[in-house]
Amino acid sequence: MGMSENGINFNLIVFGGDGDLACRKIYPAIYHRIREGQFSASSNIVAVSRNQYTADEFHSILEKNITKHVENVDPKIMKDLFSMTEYISADLTQQSEYKSIKESILSKNIKNTIFYFSTPSSLFLSISESLKANDMIHDEVKIVLEKPLGHDLASFEKLNSGIRKYFKEKQIFRIDHYLGKETVQNLMVLRFANHIFELAWNANYIDNVQITVAESIGVEQRKNYYDQYGALKDMVQNHLLQLLCLVAMEPPAKLNAHNVRDEKLKVLKAVRKYDKKSIQKNFVRAQYTRGEVNGVQMQSYQEDIDRFDSTTETFVAMKVDIDNWRWAGVPFYLRTGKRMTERYSEIVINFKRVPHNVFPSKKKIHRNKLIIRLQPEESIQLVQMAKEPGPGGYRYKPVSLELDYADSFDDYLPDAYERLLADVVRGIQTLFMREDELRAAWEWTHSILDNMEATELDFYKAGTMGTGDKILNGDHYWHKNNTKK
């Protein structure tokens with residue numbers, strides 16, 4: 001599909017418009033949506049940062065990044081992107097410097113306006129105040145907020161209440177890119193459009209649930225940020241908790257923003273908080289030491305950040321209990337870390353074992369598993385027991401029925417940011433976090449933060465899967481990722 005003038009028209013003002021996120025995710029997402037005919041090329045994109053660029057210099061940055069992150073770039077769409085993009089240099093802490101941004105918006109006569117806060121959160125309030133002072137906020141204005149939204153409950157409340165002075169909740173889109181992934185979306189269809197799964201989606205049939213977000217990289221350029229936040233605040237409080245909510249929530253009455261977010265909130269309120277005793281058994285934190293990742297020797301975390309007294313965790317694993325009727329007694333195991341064996345994210349639903357083995361060999365019958373792979377390749381596998389071919393009795397083993405998105409669908413699979421940006425443009429909030437969700441997530445996270453001193457910091461070699469075995473019950477074990485062929 002080519003560029004369409006019938007696509008949606010909008011103003012998009014990207015604060016931090018030459019930053020890594022904008023160049024790596026936002027602009028490639030816009031390119032793809034123009035190509036698919038969803039966004040109109042007469043829309044207005046304004047990139048704002050304090051750096052000085054001519055129009056040609058910024059277009060060169062744009063072209064370099066689109067070429068890097070998009071396959072088979074169409075010169076015509078690139079030209080369309082150039083024509084709709086303007087660069088403005090401004091100090092975002094100075095209200096007087098927003099005038100040129102306002103003039104750019106007014107010149108296009110497009111009401112649908114999005115301000116994308118792709119900056120450190122320390123600038124969010126200053127930007128909001130400046131937009132208000134320059135009379136740039138009206139009912140058709142929306143804002144997109146990138147994480148982190150605070151570093152604890154108090155800082156979240158301060159940031160949120162400051163922004164809410166200027167914007168209504170329906171105007172605020174708090175982004176978590178995990179919720180835009182195709183397989184996360186398909187989790188809703190899998191559960192609520194397939195009777196076979198929804199019938200078995202409870203404590204009667206499910207033994208345990210595992211959510212793993214493993215990264216093979218270290219802290220890279222984020223060392224100052226990461227050493228202040230650590231794995232718990234960087235990944236669990238947002239990404240992993242959101243995935244847990246989608247797995248555990250009740251069916252919403254309708255698939256709209258209000259109902260979906262209500263059900264997610266109920267899960268967050270039912271998640272059992274930790275105390276000084278329970279945290280010792282059900283939570284581990286660790287930091288990577290020297291090791292080997294994909295055949296390459298890696299430094300320790302402390303060497304990476306050049307600080308040898310750091311106790312910041314680069315890995316956490318926890319057993320989570322949900323105190324409600326559907327999930328009572330089902331452990332949810334969550335883990336995430338840096339410098340692990342390989343990069344992958346997955347949700348594994350482990351069903352209960354069959355109650356009785358009728359086969360003469362009495363060989364172990366493995367649990368059925370539903371494996372929802374989020375990255376790097378998106379796929380869904382149902383692991384079931386099957387008979388091995390041949391005579392001479394019943395030999396059986398687990399085999400996978402697999403839905404591979406790349407193989408099963410000819411259509412282009414959009415990146416998470418494409419879906420999320422398209423929803424912002426259309427004003428659909430279903431995949432974005434409501435303020436009470438974030439508040440509940442921080443309240444639960446504080447039950448860990450406030451009791452973390454009752455746990456000891458473990459260490460794990462770079463290139464391994466951390467120290468998460470300590471939290472497992474009985475005969476439970478972590479699902480081994482088998483993406484490597």
Side-chain angles (χ1 to χ4, degrees), residues 12-33 45-55 57-71 73 78 81-82 85-93 101 114-124 126-127 143-151 173-181 213 215-231 233-235 238-239 301 304-306 314 336 338-339 343 345 374-376 414-422 424 432:
L12 175 65
I13 294 79
V14 185
F15 298 117
D18 63 346
D20 176 66
L21 176 75
C23 292
R24 192 165 41 88
K25 291 293 184 182
I26 299 172
Y27 303 132
I30 294 166
Y31 170 94
H32 282 299
R33 291 301 92 202
I45 300 168
V46 183
V48 184
S49 93
R50 65 169 63 220
N51 293 317
Q52 301 282 343
Y53 302 114
T54 64
E57 284 170 342
F58 186 71
H59 286 164
S60 175
I61 291 170
L62 205 55
E63 185 169 28
K64 176 183 151 195
N65 281 284
I66 297 286
T67 305
K68 185 177 177 182
H69 298 290
V70 173
E71 291 181 16
V73 174
M78 185 67 87
L81 194 57
F82 284 173
T85 304
E86 179 183 359
Y87 180 80
I88 292 176
S89 176
D91 180 345
L92 295 176
T93 63
I101 304 170
I114 299 139
F115 294 108
Y116 201 121
F117 292 31
S118 181
T119 67
S121 58
S122 55
L123 284 172
F124 286 5
S126 178
I127 294 170
I143 62 167
V144 182
L145 304 179
E146 281 283 345
K147 72 160 192 148
L149 294 170
H151 53 83
F173 291 72
R174 300 173 189 85
I175 203 164
D176 183 337
H177 71 274
Y178 266 65
L179 298 188
K181 290 182 178 293
V213 177
E215 298 180 280
S216 56
I217 60 168
V219 291
E220 312 300 315
Q221 309 305 315
R222 302 167 72 225
K223 63 183 182 181
N224 292 331
Y225 159 82
Y226 195 88
D227 202 48
Q228 291 175 6
Y229 278 76
K233 294 181 186 179
D234 186 48
M235 295 296 288
N238 40 67
H239 299 327
Y301 173 73
D304 280 346
I305 66 166
D306 197 25
T314 61
T336 183
K338 298 278 190 191
R339 285 266 185 263
R343 172 182 172 263
S345 299
L374 310 178
Q375 61 184 27
D415 177 75
Y417 271 88
E418 291 178 52
R419 174 175 292 102
L420 295 170
L421 203 50
V424 175
F432 299 85

Nearest heavy atoms of Ser49 and Gly17, plus distance in Å:
CB-N, 4.2 Å
Does atom CD of Glu220 have more than 12 heavy-atom neighbours from other groups under 6.0 Å away?
yes
Can you list the residues that meet the ring pair (Phe, Tyr, Trp, His ring centres under 6.0 Å) rule with His151, with sequence neighbours excluded?
none
Could you tell me if the side chain of Tyr417 sits less than 4.5 Å from the side chain of Leu21, heavy atoms only?
yes
Under a 4.5 Å cut-off applied to non-hydrogen side-chain atoms, are Arg343 and Pro376 in contact?
yes
Could you tell me the separation between the CG atom of Leu12 and the CD1 atom of Ile30, rounded to the nearest 0.5 Å?
5.0 Å
Check whether any side-chain heavy atom of Arg174 lies under 4.5 Å from a side-chain heavy atom of Leu149, and answer yes or no.
yes
My understanding is that only residues two or more places apart in sequence, or in another chain, count here; which of them pass side chain to side chain donor-acceptor pair (under 3.5 Å) with Thr93?
Asp91
Is there a side-chain contact between Glu86 and Phe58 (heavy atoms, below 4.5 Å)?
no
Sequence-distant partners of Lys338, salt bridge (Lys or Arg N to Asp or Glu O under 4.0 Å), two or more places apart
Glu215
Only one of Arg33, His32, Lys181 passes side-chain contact (heavy atoms from CB on, under 4.5 Å) with Pro414; say which it is.
Arg33
Go through the steps to decide whether Leu179 and Phe432 satisfy the test side chain to side chain contact (heavy atoms under 4.5 Å, CB included), and finish with yes or no.
CA-CA 8 Å; Leu179 298 188; Phe432 299 85; over 6 Å; no
With rounding to the nearest 0.5 Å, note down the distance linking CD1 in Ile305 to NZ in Lys223.
8.0 Å
Ignoring hydrogens, what is the shortest heavy-atom contact between Asp304 and Arg339? Give both atom names and the distance.
OD2-NH2, 3.8 Å
All side chain to side chain contact (heavy atoms under 4.5 Å, CB included) counterparts of Ser122, not counting sequence neighbours:
Pro120
Return the set of residues passing side chain to side chain contact (heavy atoms under 4.5 Å, CB included) with Thr119 (not counting sequence neighbours), or none when no residue passes.
Phe15, Leu92, Leu123, Phe124, Ile127
Could Asp234 and Lys147 be called an ion pair, given the rule that one side-chain N must be under 4.0 Å from one carboxylate O?
yes
Those residues at least two apart in sequence (or on a different chain) that pass side chain to side chain contact (heavy atoms under 4.5 Å, CB included) with Glu57 are Tyr53, Thr54
With a 4.5 Å limit on heavy-atom distance, are the side chains of Leu145 and Tyr116 in contact?
no
Identify whether the distance between the nearest side-chain nitrogen and carboxylate oxygen of Lys25 and Asp415 falls below 4.0 Å.
yes
Quick one: ring pair (Phe, Tyr, Trp, His ring centres under 6.0 Å) partners of Tyr27, sequence neighbours excluded?
none
Applying ring pair (Phe, Tyr, Trp, His ring centres under 6.0 Å), name anything that partners Tyr229, two or more places apart in sequence or on another chain.
Tyr225
Distance-only side-chain donor-acceptor flag, Gln375 / Ser345, under 3.5 Å:
yes
Within a strict 4.5 Å, meaning less than it, do heavy atoms of the Met78 and Ile66 side chains meet?
yes
Within-4.5 Å side-chain heavy-atom neighbours: Ile13 and Val48:
yes
For Arg222, is the CZ atom crowded, meaning more than 12 foreign heavy atoms sit under 6.0 Å from it?
yes
Residues in ring pair (Phe, Tyr, Trp, His ring centres under 6.0 Å) contact with His239, at least two apart in sequence or another chain:
His177, Tyr178
Closest approach of Cys23 and Pro28, non-hydrogen atoms and distance?
O-CD, 3.4 Å
Please report the shortest heavy-atom distance between Thr67 and Val73, naming the atom on each side.
CA-CG2, 3.9 Å
Considering residues at least two apart in sequence or located in another chain, which fulfil the salt bridge (Lys or Arg N to Asp or Glu O under 4.0 Å) criterion with Asp227?
Arg307
By side chain to side chain contact (heavy atoms under 4.5 Å, CB included), Ser89 pairs with (sequence neighbours left out) Gln52, Tyr87
Sorted by first residue and then second, give each salt bridge (charged side-chain N to carboxylate O under 4.0 Å, His left out) pair with at least one member in residues 12-22; sequence neighbours left out.
Asp20-Arg24
Do Phe117 and Val14 come close enough that some side-chain heavy atom pair is under 4.5 Å?
no
